[in-house]
Amino acid sequence: MDTFRIADAARLLGVSDDTVRRWVDHGTLPTTGDSPTRIPGDALAARAVELTHAAKDPTDVLSSARNRFVGIVTRVQVDGVMAQVDIQAGPHRVVSLMSAEAVRELGLEPGSLAVAVVKATTVIVETPTD
């Protein structure tokens with residue numbers, strides 16, 4: 001099983017090193033007992049799930065799509081008939097390529113609330129080499 005140093009755990013959870021240390025001190029995150037302190041990967045994964053707080057989906061529609069990212073538009077680049085729209089949804093940056101016409105019809109601009117719906121049939125998973 002993978003274990004993680006405090007700094008790595010903090011980066012993966014999107015919090016400060018001090019926050020992870022407080023969680024360890026309060027028993028919220030267990031350690032392996034090693035020195036320097038290491039956190040078991042399964043405990044870190046469980047904490048990551050506990051911390052997920054997705055923004056409420058404002059669309060109020062029923063959908064079969066499960067990969068919905070509610071966020072804020074951070075950039076819109078329009079080039080002729082095509083456009084690139086960047087959405088920041090929590091720690092995730094979602095980029096969509098769409099028609100310039102769709103951008104205009106949706107009124108997308110930096111600061112707009114948006115929901116990115118991702119449909120993918122292929123998901124690539126990579127792990128670091130030892």
Side-chain angles (χ1 to χ4, degrees):
M1 173 195 339
D2 288 338
T3 61
F4 298 88
R5 296 176 317 155
I6 296 268
D8 295 330
R11 189 172 56 255
L12 288 168
L13 295 176
V15 299
S16 71
D17 294 9
D18 287 338
T19 297
V20 172
R21 285 188 194 91
R22 280 193 298 277
W23 288 339
V24 167
D25 291 345
H26 290 105
T28 304
L29 268 178
T31 65
T32 61
D34 296 336
S35 183
T37 302
R38 298 191 70 80
I39 298 166
D42 59 347
L44 191 63
R47 185 68 179 150
V49 171
E50 290 171 9
L51 294 174
T52 59
H53 300 290
K56 184 179 179 328
D57 188 335
T59 58
D60 196 30
V61 297
L62 296 176
S63 175
S64 65
R66 295 296 176 248
N67 300 315
R68 300 175 66 83
F69 299 90
V70 179
I72 190 163
V73 175
T74 58
R75 185 171 77 151
V76 177
Q77 279 185 283
V78 178
D79 183 20
V81 298
M82 293 303 295
Q84 176 180 322
V85 177
D86 294 18
I87 298 171
Q88 193 66 40
H92 306 288
R93 175 177 170 243
V94 181
V95 178
S96 177
L97 300 177
M98 64 180 72
S99 70
E101 178 182 26
V103 167
R104 287 189 298 276
E105 286 179 3
L106 293 171
L108 295 174
E109 59 186 26
S112 299
L113 178 64
V115 179
V117 180
V118 179
K119 172 73 172 148
T121 56
T122 303
V123 176
I124 298 170
V125 177
E126 300 176 334
T127 60
T129 58
D130 289 330

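Treat the numbers as computed from the prediction; the structure is a model and nothing was measured.
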Taking C-beta and beyond as the side chain, do [X] and [Y] meet within less than 4.5 Å on heavy atoms?
X    : Y   : value
W23  : I39 : no
R38  : T31 : no
V117 : F69 : no
Q84  : M98 : no

Not counting sequence neighbours, which residues clear side chain to side chain contact (heavy atoms under 4.5 Å, CB included) with [X]? List them please.
X    : answer
L106 : L108
S16  : D18, T19
D17  : I6, A7, A10, R21
A83  : V78, V103

Task: Pairwise side-chain hydrogen bond (donor to acceptor under 3.5 Å, both in side chains) hits with a residue in residues 92-104, at least two apart - done: D86-R93
- [ ] Enumerate the residue pairs fulfilling side-chain hydrogen bond (donor to acceptor under 3.5 Å, both in side chains) with a member in residues 106-119, sequence neighbours excluded, ordered by first and then second residue.
- [x] none
For [X], give me all partners under side-chain hydrogen bond (donor to acceptor under 3.5 Å, both in side chains), at least two apart in sequence or on another chain.
X   : value
N67 : none
Q88 : none
D34 : T32

- [ ] Can you sort out the partners of R68 under salt bridge (charged side-chain N to carboxylate O under 4.0 Å, His left out), two or more places apart, ordered by chain and number?
- [x] D57
TODO: Mind running side chain to side chain contact (heavy atoms under 4.5 Å, CB included) on L113 and V70 for me, showing each step along the way?
DONE: CA-CA 8 Å; L113 178 64; V70 179; 4.0 Å; yes
Task: R5 bridged to D8 by N-O distance under 4.0 Å - done: yes
Task: Co-members of the apolar cluster containing I72 [side chain, <4.5 Å] - done: none
Task: Cluster companions of M82 among Ile, Leu, Val, Met, Phe, Trp, Tyr (side-chain spacing under 4.5 Å) - done: V81
- [ ] Would you mind telling me which of L29, V15, V20, L12 makes a side chain to side chain contact (heavy atoms under 4.5 Å, CB included) with R47?
- [x] L29
TODO: First locate atom CG of L44, then atom CG of L13, and finally report the distance between them rounded to the nearest 0.5 Å.
DONE: 4.5 Å
Task: Closest non-hydrogen atom pair, A43 against P30 - done: CB-CG, 3.4 Å
